[in-house]
2 protein chains.
Amino acid sequence: MVKRTSHQSADCLIARPLDAIGDWWSLLIVRDAFDGLRRFGEFQKSLGVAKNILSARLRNLVTHGILETVPAPNGGAHHEYVLTQKGRGLFYVLVALRQWGETYFSGPGEPYTFMVDTESGRPIKRLEVHAEDGRLLAPGDTRLADFRNQENR
Amino acid sequence: MVKRTSHQSADCLIARPLDAIGDWWSLLIVRDAFDGLRRFGEFQKSLGVAKNILSARLRNLVTHGILETVPAPNGGAHHEYVLTQKGRGLFYVLVALRQWGETYFSGPGEPYTFMVDTESGRPIKRLEVHAEDGRLLAPGDTRLADFRNQENR
DNA sequence: TCATTTTGGTTGCAACATAAAACTGTTCTG
DNA sequence: CAGAACAGTTTTATGTTGCAACCAAAATGA
């Protein structure tokens, strides 16, 4: 078996999610789902992805519980794809990725869209990592700990 | 051309970053780099990835300016791979992905590692999205805006 | 010092994944 | 009810991945 390696049983909780969304299309599908797209054709048109690939990706996202199929609202026989709660949990990943993209991937002088608060129309704040007591943390200020070495949570 | 499609010239600032890190291994390499790994062999041992794949991924991360090669500290001829500022910017993506993983990918009763603040040893706060004025925002409270439609920033 | 091991890759091959297009069976639309 | 649109599946060519073998330079050690 020379299959592509799966991270599904990895110990690391960064690796395992990548098994669900770690390819070139899945996160874009989720992004489109946040934008309200629900139907196969909408995703296909938005992404320009081949239909067999889209089909496989949607199926994978559904089996991972990120999307779920719901019957068409008009009583039709077709179904639509909507985010589950787990799928909506990816919001922060998308925001983080987008802020990184805004910072490092926007061409000079290039007009680009960015995230704003709908109510005020003004850009949202950058993501920050905080300690339990509110201190702002930098990358070097964190580490990984085993749950069993911690008495409290 | 039947190559794998590239998102490099996509308008969307979520798509373009995926061109740099949207595969199964790149983010894990970056994670290991945050953990202090610097050498080819260290990454290879940590990830268990084939050497040709690792080689290609490291090269890709270097060309995207996420890692850079520095001469070995002991004066040897070999070099090491360290995160650039752009690479360190991925911290928030990793935190977001990890928190999502902690929430939805940890098996029942399974011991897992999680992120703590080094100083206190206590778990870090969950990521939150805030408006400029501090209001907490939910996924539906944001939208994308074109820079040119905004007078201010 | 010179042989051995480790390191950091590259190359070749077989299995697998992706992309494009053609095809099929349903569902809207006029 | 005929034609177009929709939601996929199948086919086929090409790319990518993973493993193993190979190789040269650097570190190790007897």
Side-chain angles (χ1 to χ4, degrees), chain A residues 1-10 15 18-29 32-33 36-64 67-82, chain B residues 1-10 15 18-29 32-33 36-64 67-82:
Chain A
M1 154 174 158
V2 201
K3 274 182 102 124
R4 184 161 68 188
T5 58
S6 160
H7 304 302
Q8 202 146 15
S9 56
L18 287 178
D19 218 60
I21 54 157
D23 68 293
W24 303 85
W25 293 111
S26 294
L27 262 187
L28 296 178
I29 293 172
D32 278 353
L37 271 54
R38 303 165 68 94
R39 297 180 59 166
F40 187 93
E42 291 178 322
F43 291 112
Q44 214 250 313
K45 191 172 160 196
S46 163
L47 298 171
V49 60
K51 302 206 292 180
N52 52 347
I53 304 294
L54 177 59
S55 178
R57 289 296 167 272
L58 287 171
R59 203 175 320 150
N60 188 53
L61 289 170
V62 168
T63 57
H64 274 95
L67 295 176
E68 62 184 344
T69 54
V70 301
N74 53 0
H78 281 306
H79 55 253
E80 303 190 331
Y81 300 91
V82 299
Chain B
M1 154 177 158
V2 202
K3 274 180 101 123
R4 183 163 65 190
T5 58
S6 162
H7 303 303
Q8 201 145 18
S9 56
L18 287 178
D19 218 58
I21 54 157
D23 68 291
W24 304 86
W25 294 111
S26 294
L27 262 186
L28 296 178
I29 293 172
D32 278 352
L37 270 54
R38 303 165 68 94
R39 299 180 58 167
F40 187 93
E42 291 177 323
F43 290 112
Q44 214 249 313
K45 192 172 159 196
S46 162
L47 297 171
V49 61
K51 302 205 291 182
N52 53 345
I53 304 296
L54 177 58
S55 178
R57 288 296 167 274
L58 287 172
R59 203 174 319 147
N60 187 53
L61 288 170
V62 168
T63 57
H64 274 96
L67 295 177
E68 63 184 344
T69 54
V70 302
N74 54 359
H78 283 307
H79 55 252
E80 302 190 332
Y81 300 91
V82 299

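The basis for the numbers below is simple: all heavy atoms, side chains too, and nothing from hydrogens, waters or symmetry mates. A note on names: the letters A, B, ... follow the listed sequences, proteins ahead of strands, and every chain is numbered from 1.
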- In whole angstrom, give the distance that lies between atom CD1 of A:Ile53 and atom C1' of D:dG15. 12 Å

- Sorted by chain and residue number, the side chain to side chain contact (heavy atoms under 4.5 Å, CB included) partners of A:Ala20 (sequence neighbours excluded) come out as A:His64, A:Ile66, B:Phe105

- Give the rounded distance in Å between these two atoms: CG of A:Asn60 and P of C:dA17. 12 Å

- Message: What is the distance, to the nearest angstrom, from the CG atom on B:Leu54 to the C1' atom on D:dT17?
- Response: 13 Å

- Query: Heavy-atom distance under 4.5 Å between the side chains of B:Leu54 and B:Ile29, does that happen here?
  - Reply: yes

- Query: Restricting to pairs with a member in residues 43-58 of chain A, which pass side chain to side chain donor-acceptor pair (under 3.5 Å), not counting sequence neighbours?
  - Reply: A:Asp23-A:Arg57, A:Asp32-A:Ser46, A:Ser55-A:Arg59

- Heavy-atom distance under 4.5 Å between the side chains of A:Val49 and A:Leu28, does that happen here? no

- Message: Could you check whether any side-chain heavy atom of B:Leu61 comes within less than 4.5 Å of a side-chain heavy atom of B:Ile21, counting everything from C-beta outward?
- Response: yes

- Item | Contacts of A:Tyr81 that satisfy ring pair (Phe, Tyr, Trp, His ring centres under 6.0 Å) - sequence neighbours left out | A:His79

- Here the distance between atom C1' of C:dT18 and atom CH2 of A:Trp24, to the nearest Å, is 12 Å

- Going by the angle between their ring planes, with limits at 30° and 60°, are B:Trp24 and A:His7 parallel, tilted or perpendicular? tilted

- Using the C1' atoms of five pairs at each end, what's the angle between the two axes of the helix from C:dT1-D:dA30 to C:dG30-D:dC1, to 10 degrees? 20°

- Query: Could you state the NE2-C1' distance from A:His7 to D:dG18, rounded to the nearest angstrom?
  - Reply: 13 Å

- Whole-Å distance, A:Leu47 CG to C:dA20 C1', equals 16 Å

- For B:Asp19, which residues count as a salt bridge (Lys or Arg N to Asp or Glu O under 4.0 Å) partner, sequence neighbours excluded? none

- Protein-proximity profile, nucleotides 2-8 of chain D, B/S/- by nucleotide at the 4.0 Å heavy-atom cutoff, equals ----SBB

- Message: From CG of B:Asn52 over to C1' of C:dT11, roughly how many Å is that when rounded to an integer?
- Response: 9 Å

- Query: C:dA19 phosphate, OP1 or OP2: any side-chain N/O from A:Trp25 under 4.0 angstrom?
  - Reply: yes

- Note on the structure: From CD of B:Gln44 across to P of D:dG18 the rounded distance in Å is 12 Å

